[in-house]
Engineer: 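If you scroll down you'll find the structure; I have some questions about it.
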Amino acid sequence: MSLSSNGHTLAVATKQLVRHWEETRQLWKDSKAQEFEERYMHELIAGVERALPVFEDLDNILNRVRVDCE
């Protein structure tokens, strides 16, 4: 399994989590829900968005290293 496929797995899981959160948010409408969203969900989503290109870059680097070492 490559790093980019791990990045894809992370992206899919994050999208699924966001869908579940949106469903939960329809029922949980108080200030704690807003706090949770701002404190955890926004940070998680931003972190995943920053990480995904890094998975691809690392996969490319590792592929070059493999080729160079052959």
Side-chain angles (χ1 to χ4, degrees):
M1 183 175 269
S2 68
L3 285 173
S4 62
S5 65
N6 289 334
H8 176 74
T9 300
L10 177 62
V12 169
T14 302
K15 286 179 186 177
Q16 185 178 23
L17 175 64
V18 168
R19 279 194 305 272
H20 286 295
W21 171 247
E22 289 170 351
E23 290 172 11
T24 301
R25 196 67 171 97
Q26 296 301 313
L27 302 172
W28 188 19
K29 298 181 179 186
D30 63 8
S31 62
K32 287 297 183 183
Q34 182 66 32
E35 179 184 341
F36 180 87
E37 184 170 316
E38 292 170 2
R39 191 172 190 186
Y40 299 107
M41 294 302 294
H42 290 174
E43 184 62 32
L44 175 77
I45 293 165
V48 169
E49 288 174 353
R50 287 189 307 268
L52 291 177
V54 175
F55 278 93
E56 188 72 34
D57 292 344
L58 287 173
D59 195 41
N60 290 334
I61 290 168
L62 287 174
N63 285 334
R64 281 184 287 187
V65 167
R66 284 186 194 106
V67 168
D68 289 348
C69 290
E70 291 178 349

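In this chain, numbering begins with 1 at the start of the sequence shown. Both backbone and side-chain heavy atoms feed into the values below; hydrogens, waters and symmetry mates do not.
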Engineer: Would you give the length of the straight line joining atom NZ of K15 to atom CG of L17, rounded to the nearest 0.5 angstrom?
Structural biologist: 13.0 Å

Engineer: Quick one: pull up OG1 in T24 and NZ in K29 and give me the separation to the nearest 0.5 Å.
Structural biologist: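 So the gap between those two atoms works out to 12.5 Å.
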
Engineer: Going only through I, L, V, M, F, W and Y residues with side-chain contacts under 4.5 Å, is there a path from I61 to L3?
Structural biologist: no

Engineer: Applying the side-chain contact (heavy atoms from CB on, under 4.5 Å) test to W21, which of Q16, Q26, E37 qualifies?
Structural biologist: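 Filter result, single survivor: E37.
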
Engineer: Can you give me the closest heavy-atom contact between R25 and D30, atom names plus distance?
Structural biologist: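 Result for this residue pair: NH1-O, 4.4 Å.
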
Engineer: Checking E56 now: which residues fulfil side-chain contact (heavy atoms from CB on, under 4.5 Å) with it, not counting sequence neighbours?
Structural biologist: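 Scan of E56 (side-chain contact (heavy atoms from CB on, under 4.5 Å), adjacent residues dropped) gives S4, N60.
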
Engineer: According to side-chain contact (heavy atoms from CB on, under 4.5 Å), who are the partners of R39, at least two apart in sequence or on a separate chain?
Structural biologist: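 For R39 the side-chain contact (heavy atoms from CB on, under 4.5 Å) partners, ignoring immediate neighbours, are E35.
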
Engineer: Give a yes or no on this: more than 12 heavy atoms of other residues, nucleotides or ligands lie within 6.0 Å of atom NE2 of H8.
Structural biologist: no

Engineer: Using residues 62-70 as the side-chain source, report each donor-acceptor pair under 3.5 Å to any protein atom, sequence neighbours left out, with the distance given to one decimal.
Structural biologist:
{"from": "N63", "atom 1": "OD1", "to": "R66", "atom 2": "NH1", "distance (Å)": "2.9"}
{"from": "N63", "atom 1": "ND2", "to": "D59", "atom 2": "O", "distance (Å)": "3.3"}

Engineer: Of the non-hydrogen atoms in G7 and L52, which two are nearest, and what is the gap between them?
Structural biologist: O-CD2, 3.1 Å

Engineer: If I take atom CZ from residue R50 and atom CD1 from residue I45, how far apart are they, to the nearest 0.5 angstrom?
Structural biologist: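 Answer rounded to 0.5 Å: 11.5 Å.
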
